[in-house]
Undergrad: 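For reference, the structure I am asking about is given below.
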Protein chains: 2
Amino acid sequence: MTRPKRIVADDPAGKATLHDVAKQAGVSAMTVSRVVNEQPGVKPATRDRVERVLNQLGYRPNIVARGLKAAETNTLGLLVPDVTNPYFPSLVRGAEDVAFDAGYTLVLHNFIEDREREAAALTMFEERRVDGVIVCSPRLPESRLHEHLARQTAAVVVNRRAPAEIAGSVRVDHEVGARLAVRHLLELGHRTFGVLAGPDDSTAGQERLAGIHEELKAAGITLQEASIIHCPPTMKGGSDASKVLLERDPRPDAVLCFNDLVAAGTLETARNLNLSVPDNLSVVGYDDIAYASMFTPALTTLRVPTYELGAHAMRMLLGRMNGEPRSIGIVVQPELIVRNSTSTPRRTLQESSA
Amino acid sequence: MTRPKRIVADDPAGKATLHDVAKQAGVSAMTVSRVVNEQPGVKPATRDRVERVLNQLGYRPNIVARGLKAAETNTLGLLVPDVTNPYFPSLVRGAEDVAFDAGYTLVLHNFIEDREREAAALTMFEERRVDGVIVCSPRLPESRLHEHLARQTAAVVVNRRAPAEIAGSVRVDHEVGARLAVRHLLELGHRTFGVLAGPDDSTAGQERLAGIHEELKAAGITLQEASIIHCPPTMKGGSDASKVLLERDPRPDAVLCFNDLVAAGTLETARNLNLSVPDNLSVVGYDDIAYASMFTPALTTLRVPTYELGAHAMRMLLGRMNGEPRSIGIVVQPELIVRNSTSTPRRTLQESSA
DNA sequence: AACCGTTTTGTTAACGTTACCAACAAAGAC
DNA sequence: GTCTTTGTTGGTAACGTTAACAAAACGGTT
């Protein structure tokens, strides 16, 4: 159970400190510090001598100690529901690329759709004294979330509104997205809808539901409660929930899915039930993940610029850390991408021929 | 450019220290420390009083300071080429789940297939004094990689061999995987092969090439150099490279792809060239990412248990950190998953009918 | 009341770094 | 040769925590 400090016992380069270097070079620690940080006011000869020892000992500044002194860790926290959902990796990449350029390191944490793990991660970020936090698609209720975020130096939430004094907000206009999808299906002639609404604690999901309801109401259609099923935002979640949905009577001829993974699960179920998509059933996804175009059939979905979402969020976070005026939240518009999973309903044809 | 220490100026819960709590409660810092760490030897009455102040001030231990004292940061580094490749998220999840249970925090870094960023990340991990590192699919040459890893307290590499005194190794038997794929295609009757070999600095790719060569040699077939094309391990990389490959004469009737993304790109190209997969062209992927079964057609590929790979690597890392006997590397076997992208070649039929 | 052992609490120093100020040396001004 | 001025270097303390030891308080014996 003892933890060896170094693997290679005789490695002199292990963990040399400023003092080690100072002693070896015959100068004070301060002088070494100045050399390391490229500060002026060191005689070239001294600098050379110190630098030689620095290299020889393989000195690496201890960022932990530096952070303790400076009360800054140069670390940012990024909290996402689950990197396994392809929506997030590119968002992470967007955030990471911006953070990297600004000299920050990212601590990534998945909370796996679990509120308690989300809260635990937020606490962990506090204890670690990260310089700022981005929380994607939080599942925590507002009060608890804000309590945590208020304790942070700076914070940005993605896919959620937030008061400017608590956190910046970068979000997708999910209501508009949902309306675009519904309008598309209405134009194709669909009248019987099903919704696989994702986790019920997702605010994005709630916004989409609102959009769906409004757009349908405008068309004089009411959506029955039983046609709305909440499910985990995964392929499995989609295939399970769609099994229930597609055995309802009347069977919906169009399904609006929480995201592309849920849509993928729905396609799978449809295949198993020998329902042809889009002939018997139209399916709309959400997010336009990279593989949506590869699905069978290629998925009609709403494109969300995830990389930019992450990059925006990170830029906003860095801005807030620097005390820049608190900008209003950023809202990006999703774009409807029509592919082959939606078409005019032909159920009647098929049924008459059956 | 000034960095405000707190967003909510009047938030008393901001960043209270042990001393703040001690003063408020009228005890010494040590006593508070004992309460925080749930150590015995504090009178219940005192403990209660301290705990009340602790809550009132919203004290959070400063892990940075604790780490400085203990020379342990409770942080582990995880370096991957690119989370955007669905191979990695589940590996990350595997590693993270194990690390989380053991009380460690993960610092994730993408090096985006860039050697210099890989080296920079490794240096960053050193400066941050992480307690251990896992490096996935390193692109760095052995000498440079080992130089970095030797400086770490503990290290594990995934998808690469390593001497036990430098790092643990968890890898997939890529040579066997490649041979399984080739054998499958040979059994179907294919004789003209193309290889989209991925990045030329990927050791996994090199192992697969070796496997392909051997298996073909055993069958008396030689693979022409020009039929091997290196490409980035992405969909774009695959579609670009396959364009070149599929316009060669004679056109290969079977393509072995570096991973499922490259295979996806190849399917796309085939569609554009009006080549039917699998009738005119068989395509084999690698990894069995979650969406491989959703592709058009469903992809024949080699299943790699990525989640377990990550979990194994993390367990091994924790073991090495605890000075457990250095186990020999773990090697997992990939499994051939036959779907619809491979079949007996029917090119001759089609050509005669054309 | 003096003594003991036990429990509870406090003091000091250290982890590695750097801000701040003091000390010193060298070079120039008179 | 003394007095600045400028340039270079060193000493001290502090960031927040905790290990190790020291001291006090307590309860019970004789």
Side-chain angles (χ1 to χ4, degrees), chain A residues 2-3 5-6 14-51 53-54 57-75 126-131 153, chain B residues 2-3 5 13-51 53-54 57-75 126-131 153:
Chain A
T2 57
R3 308 199 166 182
K5 271 217 160 183
R6 11 189 112 150
K15 300 274 153 84
T17 73
L18 269 184
H19 286 93
D20 297 340
V21 177
K23 200 181 296 177
Q24 188 96 37
V27 294
S28 77
M30 264 321 295
T31 302
V32 181
S33 171
R34 279 186 272 255
V35 172
V36 170
N37 296 306
E38 294 175 331
Q39 283 175 10
V42 181
K43 203 157 49 163
T46 317
R47 168 156 291 166
D48 283 356
R49 190 151 39 93
V50 171
E51 268 170 355
V53 180
L54 240 25
L57 263 53
Y59 171 79
R60 294 269 175 271
N62 185 330
I63 294 199
V64 176
R66 203 181 265 177
L68 179 59
K69 187 84 173 77
E72 268 182 26
T73 54
N74 258 272
T75 304
E126 281 176 53
E127 296 182 346
R128 235 157 245 287
R129 300 293 192 272
V130 296
D131 299 333
T153 311
Chain B
T2 56
R3 307 197 167 183
K5 271 217 160 185
K15 301 274 153 84
T17 72
L18 270 185
H19 286 93
D20 298 340
V21 177
K23 201 180 295 175
Q24 188 95 38
V27 295
S28 76
M30 259 327 289
T31 302
V32 180
S33 171
R34 278 186 272 255
V35 172
V36 170
N37 296 305
E38 293 175 332
Q39 281 175 14
V42 181
K43 202 158 49 165
T46 317
R47 167 156 292 165
D48 282 356
R49 188 151 39 93
V50 171
E51 268 169 355
V53 179
L54 240 25
L57 263 53
Y59 171 79
R60 293 271 175 270
N62 185 329
I63 295 201
V64 176
R66 204 180 262 178
L68 180 58
K69 186 84 172 78
E72 269 182 26
T73 53
N74 259 273
T75 305
E126 282 177 54
E127 296 181 346
R128 236 158 242 287
R129 300 295 192 270
V130 296
D131 299 333
T153 310

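A note on names: the letters A, B, ... follow the listed sequences, proteins ahead of strands, and every chain is numbered from 1. Given the structure is predicted, the values throughout are model-derived calculations rather than measurements.
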Undergrad: Indicate whether OP1 or OP2 belonging to dG10(D) is found under 4.0 Å from a side-chain N or O atom of T31(A).
TA: yes

Undergrad: With nearest nucleotide decided by heavy atoms, which residue, V42(B) or N62(A), maps closer to the 5′ end of DNA chain C?
TA: V42(B)

Undergrad: Indicate the atoms forming the closest heavy-atom contact of L68(B) with V64(A), along with that distance.
TA: N-CG1, 4.1 Å

Undergrad: Out of curiosity, T31(A) OG1 to Q39(A) CD, how far, rounded to the nearest 0.5 Å?
TA: 11.0 Å

Undergrad: Is S28(B) near enough to dT11(C) that one of its side-chain N or O atoms lies under 4.0 angstrom from OP1 or OP2?
TA: no

Undergrad: When we call it a touch if two heavy atoms are under 4.0 Å apart, what does V27(B) touch: a base, just sugar-phosphate, or nothing?
TA: sugar-phosphate

Undergrad: Classify the nucleic acid contact of K43(A) as base, sugar-phosphate or nothing, counting any heavy atom under 4.0 Å across all strands shown.
TA: sugar-phosphate

Undergrad: Rounded to whole Å, how long is the line connecting atom CD of E127(B) with atom C1' of dT17(C)?
TA: 13 Å

Undergrad: Looking at dT18(D), I'd like to know if its phosphate oxygens (OP1 or OP2) sit under 4.0 Å from a side-chain N or O belonging to N37(B).
TA: yes

Undergrad: Of all the choices, dT18(C), dG16(C), dT17(D), which nucleotide is nearest to the side chain of T17(A) once you look at every atom?
TA: dG16(C)

Undergrad: Between N74(B) (CG) and dT17(D) (P), how many Å, whole number?
TA: 15 Å

Undergrad: Would you kindly give the NZ-to-P distance between K69(A) and dA13(D), to the nearest whole Å?
TA: 13 Å

Undergrad: Are any non-hydrogen side-chain atoms of R128(B) and N74(A) less than 4.5 angstrom apart?
TA: yes

Undergrad: Closer to the 5' end of DNA chain D via nearest nucleotide, is it Q39(B) or R47(A)?
TA: R47(A)

Undergrad: Report yes or no: does R49(B) contribute a side-chain atom to a donor-acceptor pair with the main-chain N or O of A25(B) at less than 3.5 Å?
TA: yes

Undergrad: I need the CG-P distance between D48(B) and dT8(C), as an integer number of Å.
TA: 13 Å

Undergrad: Any N or O donor-acceptor pair under 3.5 Å from the base of dG10(C) to the side chain of R34(B)?
TA: yes

Undergrad: Of the candidate nucleotides dT17(D), dT17(C), dG10(C), which contains the atom at the shortest distance from the side chain of M30(B)?
TA: dG10(C)

Undergrad: Assess the residue pair N62(B) and T17(B) against the criterion (side chain to side chain contact (heavy atoms under 4.5 Å, CB included)); give the C-alpha distance rounded to whole Å, side-chain angles, the decisive distance to 0.1 Å, and a yes or no.
TA: CA-CA 8 Å; N62(B) 185 329; T17(B) 72; over 6 Å; no

Undergrad: Taking 4.0 Å as the cut-off, does a side-chain nitrogen or oxygen of T46(A) come that near to OP1 or OP2 on dT9(D)?
TA: yes

Undergrad: In whole angstrom, give the distance that lies between atom CZ of R66(B) and atom C1' of dC15(D).
TA: 16 Å

